[in-house]
> 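Dumping the structure here so I can ask a few things about it.
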Amino acid sequence: MSRLTALIVAALLALTACSGSAAQSGPKSLRMTVWTANEAHLKLLNEIASEYKASHPDVTEIKFDSIPADGYTTTLTTQIAGGNAPDLAWILEESAPDFVSSGALAPIKGKVEKADELVPSATKLWEKDGELYAYPFSTSPFGLFVNTDLVKDLPKTWDQAVAASAGKNLVLPDFKYQNWAVLSAIWRGWGANAWSEDGRSCGFGSQEMKDAMTFVHKAIFTDKAIPGPGTTVDFFAGDAAMAISQISRAGALKDAKFGWTLLPLPQGPKGDYAVIGQAGVGVLKRSKNADAAADFLGFFTNAANSAKLAQFFPPVRQSLLNAETLAKSNPLIKPEQLQSVVIDGISKGVVKPSHQGQEELNQTIRAALDPLWKPDANVGQVLDGVCAKIKPLLERQ
């Protein structure tokens, strides 16, 4: 059992001992933890909440509790352990295996409108024994934003992308030499995986991973394309040639003073591929308002509200996965870009690495990769070292 799973289980036991699971009678107040503080996001969330309250007078308040993205899961589990669990919570894909396996989340499949139209590959991470424990409200493939003032020939391959970015910067805004899983947006093009399908064998020592990470290392230290450690470059301010990111970032380009476009991830040696970042929203089983929370979740994720949320968070409903529908809520992105990056990406993509015990794995892998971020690093040796460090963690699952 992972540390995160153990913490959640211990918290559930403590809550059971202290308060049981009796439903709260009378007026109900719901709290949902989220990691966004973006004003446009929160405005939309509050509009959906207001509409729900108008037809549900027993729910007097729905509060969105913004927790910084850095440390979000730690803060959430601390709240749970301290007896202050939210009624609903956004959950990162990397934490999904721990939350689903721990029993912390209430089943919600019966509350989801037209659950049979959800893309099966997108719900897989949030299911157990045929039940759905969180709704993947954001299923967003990574794409390549390109500054067309700096890059005239649009890249089709990673070799072309790095060549065009040499001295001009190809940035990964969420990487920061800490969030290693973001690099899967590159290494999947080589057919590399962090671990095997069953999660028990390390993939960092594979030849595919060594080839991919050699390419990344060269792009940083030889080609001077990817900014090095300690260097911050903002594509959305016009300071870089390219950025690997998701469509939720497009809003930052509303008033851009430079030309830009959005492309699918470039081809790697294994051809076309897609990588998806995902987030779910679930109901905490020990919420005193679990029934009301599950009902609100059903409303929050129905077809009409999923269409509204699609402006920032790509949906998993088949009825909404067409360029015409998505273009209504994403006016900055052309329909053909939405088709190639988002719709095609969801159909063929794989979700970023996730595993039970991801919190401990993250810390271990991050530390084991630190020696890689030096000009003279021995890539193969460092990656073999990653496997040596995480092998016991994978095998204990």
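FYI, side chains are in, hydrogens and waters are out, and symmetry mates aren't considered; it's all heavy atoms of this structure.
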> When you check the side-chain N and O atoms of Ser329 and Gln311, is any donor under 3.5 Å from an acceptor?
no

> Listed by chain and number, what are the ring pair (Phe, Tyr, Trp, His ring centres under 6.0 Å) partners of Phe142, not counting sequence neighbours?
none

> Does any non-hydrogen side-chain atom of Pro136 lie less than 4.5 Å from one of Leu125?
no

> Counting only N and O atoms by type, is there a donor-acceptor contact under 3.5 Å from the side chain of Asn378 to the main-chain atoms of Gln381?
yes

> How far apart are the C-alpha atoms of Ser196 and Asp198, what are their side-chain angles, what is the distance that settles it, and do they pass the side chain to side chain donor-acceptor pair (under 3.5 Å) test?
CA-CA 5 Å; Ser196 57; Asp198 65 6; 2.6 Å; yes

> Hey, are the side chains of Trp90 and Phe64 touching, using non-hydrogen atoms and a 4.5 Å cut-off?
no

> Salt bridge between Lys288 and Asp87, side-chain N to carboxylate O under 4.0 Å?
no

> Is Arg317 salt-bridged to Glu117, going by a charged N under 4.0 Å from an acidic O?
yes

> Answer with yes or no whether the side chains of Tyr72 and Ser95 bring together a donor and an acceptor at under 3.5 Å.
no

> For the residue pair Asn179 and Arg366, confirm or rule out a side-chain donor-acceptor distance under 3.5 Å.
no

> Decide side chain to side chain donor-acceptor pair (under 3.5 Å) for Glu94 and Asn362; before the verdict, give the C-alpha distance in whole Å, the side-chain angles of both, and the deciding distance to 0.1 Å.
CA-CA 9 Å; Glu94 65 180 30; Asn362 278 346; 3.2 Å; yes

> Assess whether side-chain contact (heavy atoms from CB on, under 4.5 Å) is satisfied between Asn169 and Leu150, documenting all intermediate values.
CA-CA 10 Å; Asn169 297 309; Leu150 297 178; over 6 Å; no

> Would a hydrophobic clustering, with Ile, Leu, Val, Met, Phe, Trp and Tyr connected at side-chain separations under 4.5 Å, put Val119 with Val350?
no

> If you take the centroid of each ring, where Trp contributes its six-membered ring, are Tyr135 and Trp126 closer together than 6.0 Å?
no

> Closer than 3.5 angstrom, by distance alone: can the side chain of Asn38 be matched with the main-chain N or O of His41 as a donor-acceptor pair?
yes

> Identify, with sequence neighbours excluded, every residue that meets ring pair (Phe, Tyr, Trp, His ring centres under 6.0 Å) alongside Tyr133.
none

> Does Phe175 have any ring pair (Phe, Tyr, Trp, His ring centres under 6.0 Å) partners at least two apart in sequence or in another chain, and if so, which?
Tyr177, Trp373

> Using distance alone, with no hydrogens and no angle criterion, decide if Asn322 and Thr325 have a side-chain donor and acceptor under 3.5 Å apart.
yes

> Quick one: sort the Trp158 and Phe215 rings into parallel, tilted or perpendicular, breaks at 30° and 60°.
perpendicular

> Are a donor atom and an acceptor atom from the side chains of Thr301 and Ser306 found within less than 3.5 Å of each other?
no

> Going by an N to O cut-off under 4.0 Å, is there a salt bridge joining Lys109 and Glu131?
no

> If we ignore angles and hydrogens, is there a donor and acceptor under 3.5 Å between the side chains of Ser138 and Gln278?
no

> Just wondering, more than 12 heavy atoms not from Asp234 lying within 6.0 Å of its CG?
yes

> Show your working on side chain to side chain donor-acceptor pair (under 3.5 Å) between Thr73 and Glu359 and close with a plain yes or no.
CA-CA 9 Å; Thr73 300; Glu359 184 180 31; over 6 Å; no

> Between Glu360 and Arg396 (salt bridge meaning N to carboxylate O under 4.0 Å), is one present in this structure?
yes

> Can you tell whether the side chains of Lys43 and Glu39 come within less than 4.0 Å, N to carboxylate O?
no

> Could you state the interatomic distance from CD (Glu51) to CZ (Phe300), rounded to the nearest 0.5 Å?
12.5 Å

> Measure the shortest side-chain to side-chain distance between Leu105 and Ile91 over non-hydrogen atoms and say whether it is less than 4.5 angstrom.
yes

> May I ask you to check whether Gln358 and Ser354 show a side-chain donor-acceptor distance below 3.5 Å?
no

> Thr33 and Ala89: which non-hydrogen atoms are nearest, and at how many Å?
OG1-CB, 3.2 Å

> So Lys389 and Ile365, do their side chains get closer than 4.5 Å, heavy atoms only?
no

> Would you say Asp159 and Thr157 are linked by a side-chain donor-acceptor pair, where the criterion is simply a distance under 3.5 Å?
no

> For Gln339 and Asp344, does a side-chain donor sit closer than 3.5 Å to a side-chain acceptor?
yes

> Report whether Trp187 and Val382 are members of the same hydrophobic cluster (ILVMFWY, side-chain heavy atoms less than 4.5 Å apart, transitive linking).
yes

